[in-house]
Number of protein chains: 2
Amino acid sequence: MSKMQIGELAARTGLSQRTIHFYEEKRLISPSEREGRGYRYYDEQTLRRLEKISALKEIGLSLDEIAGVIDLYFQDETGIMGKRRVLEILQGHLKGTEARIVSLQGFRKDTKASIKKLEGLIAKAEGRG
Amino acid sequence: MSKMQIGELAARTGLSQRTIHFYEEKRLISPSEREGRGYRYYDEQTLRRLEKISALKEIGLSLDEIAGVIDLYFQDETGIMGKRRVLEILQGHLKGTEARIVSLQGFRKDTKASIKKLEGLIAKAEGRG
DNA sequence: TCATAATCTACAGTCAACGTAAGGTGATGA
DNA sequence: TCATCACCTTACGTTGACTGTAGATTATGA
C-alpha cells in the first residue's frame, strides 16, 4: 500500500504519468526510492503532495510558484522563524483565495441579474403570445 | 468620447494594443469602423465587450469558448428561442461559477485550519522560550 | 515641409504545461 | 522461449495566449 509505482500514483491522483514525470523535472516531487531496475517508487506523502499541488493550481498558482512554496507545506519546520515564514505564505494564499472568491461572487451577481432580466423578457413574450 | 482609437481602448481596458489586435483575429471583437483605409475606431460597446471577455476569462473560460458565447451577451435577441438559448448559457456560467466558488471555499477552509495550527505551534514555542 | 506620434501588417518568438512517439530494459506467466 | 507488461529515457510536437519587432503608412503640429 505504502509503496506504489507510477501507474498507481497516476491512477490515484488522476494525473497522467507524463505529468508526474514532468512535475519531477520541475522539482515539485521526487520518488521516495529508485531501486534496481530504475522504477520510481512513491509513498503516501507524495500522493498528498500531488493533491496539494493540484489544489494550489486550482487557486491559480503556476508550477514555478508552487515549486517555491510546496515544501513549506510538508517540512516539519522546527525553528520558529521557519514557522513564521510558512505562516506568512499561508496567509498570502488565504488573501489571494479570498480576493478570488469575491471576484467570482461579483461575476455571479452580474450573471444572476442578467438571468433575471432575461427571464422577465421571456415571461412577457410568452404572456403576450 | 464615443469614438476612440486603439491606444485609448488599450489604456482604458488595461490590455495591450497587440492583445486587442489578437482578440480581433480570434473574432472576439471587431472595430466599429475602419475609415480612410487604416486606423481602427472603437465605441463604448467594444469597451464593455472587452471587460466581459476579461470577466469570462476570470471564471476560467478559454478564448475559444468565449468566442462561442460572447455575442449572446451583446445581441438583442428578438426571438424567444434565442432568448432561451442565451438563458441556458448564462445558467451554465452561473453553475460553473458557483462550483468554482465552492472549491475555493474548500481551499480557504483548509488554509485557515493550517494557519490556526501553525499559530498554535508558534504561540507554544514562544510561551516556552 | 518636416519631425514626431499613432497606427498598420506580417511574421517570428516565447512560455507553460503537457502530449506523443520511438526505442530499450528487466520481470513474469503460459 | 517468448510475448506481454510496467516502466524507463530522450526528444520532438502541440496548444493557448500572448509578445516582439521590422518596415510601411497615416495623422498632426510647429
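Numbered from 1 within each chain, the chains take letters A, B, ... in sequence-line order.
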Geometric class of the A:His93/A:Tyr73 ring pair [parallel <30°, tilted 30-60°, perpendicular >60°]:
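Geometry flag for A:His93 against A:Tyr73: parallel rings.
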
Roughly, in whole Å, what's the span from [atom1] in [X] to [atom2] in [N]?
X	N	atom1	atom2	result
B:Arg34	C:dT9	CZ	C1'	9 Å
B:Glu24	C:dT7	CD	C1'	13 Å
A:Ile20	C:dA17	CD1	P	16 Å
A:Leu15	C:dG19	CG	C1'	14 Å
A:Glu25	C:dC18	CD	P	12 Å
A:Met4	D:dC7	CE	P	12 Å
A:Gln17	D:dA6	CD	C1'	8 Å
A:Glu33	D:dC8	CD	P	13 Å

Distance-only side-chain donor-acceptor flag, A:Ser32 / A:Gln45, under 3.5 Å:
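On atom types as modelled, these side chains do not qualify, holding no pair under 3.5 Å.
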
Examine distances only and state if a side-chain atom of [X] and a backbone atom of [Y] form a donor-acceptor pair shorter than 3.5 Å.
X	Y	value
A:Asp110	A:Ala113	no
B:Arg49	B:Leu28	yes
B:Glu88	B:Leu90	no
A:Asp64	A:Ala67	no

Pairwise N/O distances under 3.5 Å, protein to nucleotides 23-27 of chain D:
from	atom 1	to	atom 2	distance (Å)
D:dT26	O2	B:Tyr39	OH	3.2

Closest approach of A:Ser16 to A:Ala10 (non-hydrogen atoms, all atoms of both residues)
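Between these two residues, the closest heavy atoms are C-CB, 4.3 Å.
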
So which heavy atom on A:Ile66 is nearest to which on A:Ile53, and how close?
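Result for this residue pair: CD1-O, 3.7 Å.
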
Do any N or O atoms of the protein come closer than 3.5 Å to N or O atoms of nucleotides 17-21 of chain D, and which pairs are they?
from	atom 1	to	atom 2	distance (Å)
D:dA17	OP1	B:Leu63	N	3.3
D:dA17	OP2	B:Leu63	N	3.4
D:dC18	OP1	B:Lys57	NZ	3.1
D:dC18	OP2	B:Tyr23	OH	2.9
D:dC18	OP2	B:Lys57	NZ	2.7
D:dT19	OP2	B:Thr19	OG1	2.9
D:dT19	O4	B:Arg18	NH2	2.8
D:dG20	O6	B:Arg18	NE	2.6
D:dG20	O6	B:Arg18	NH2	2.6

I would like to know whether A:Leu118 and A:Ile115 meet side chain to side chain contact (heavy atoms under 4.5 Å, CB included); could you show each step before the answer?
CA-CA 5 Å; A:Leu118 203 47; A:Ile115 286 176; 5.7 Å; no

Has A:His21 got a side-chain N or O lying under 4.0 Å from the OP1 or OP2 atom of D:dC8?
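Yes, A:His21 has a side-chain N/O under 4.0 Å of OP1/OP2 on D:dC8.
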
Phosphate OP1/OP2 of C:dC8 contacted by B:Arg40 side-chain N/O (<4.0 Å):
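Yes.
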
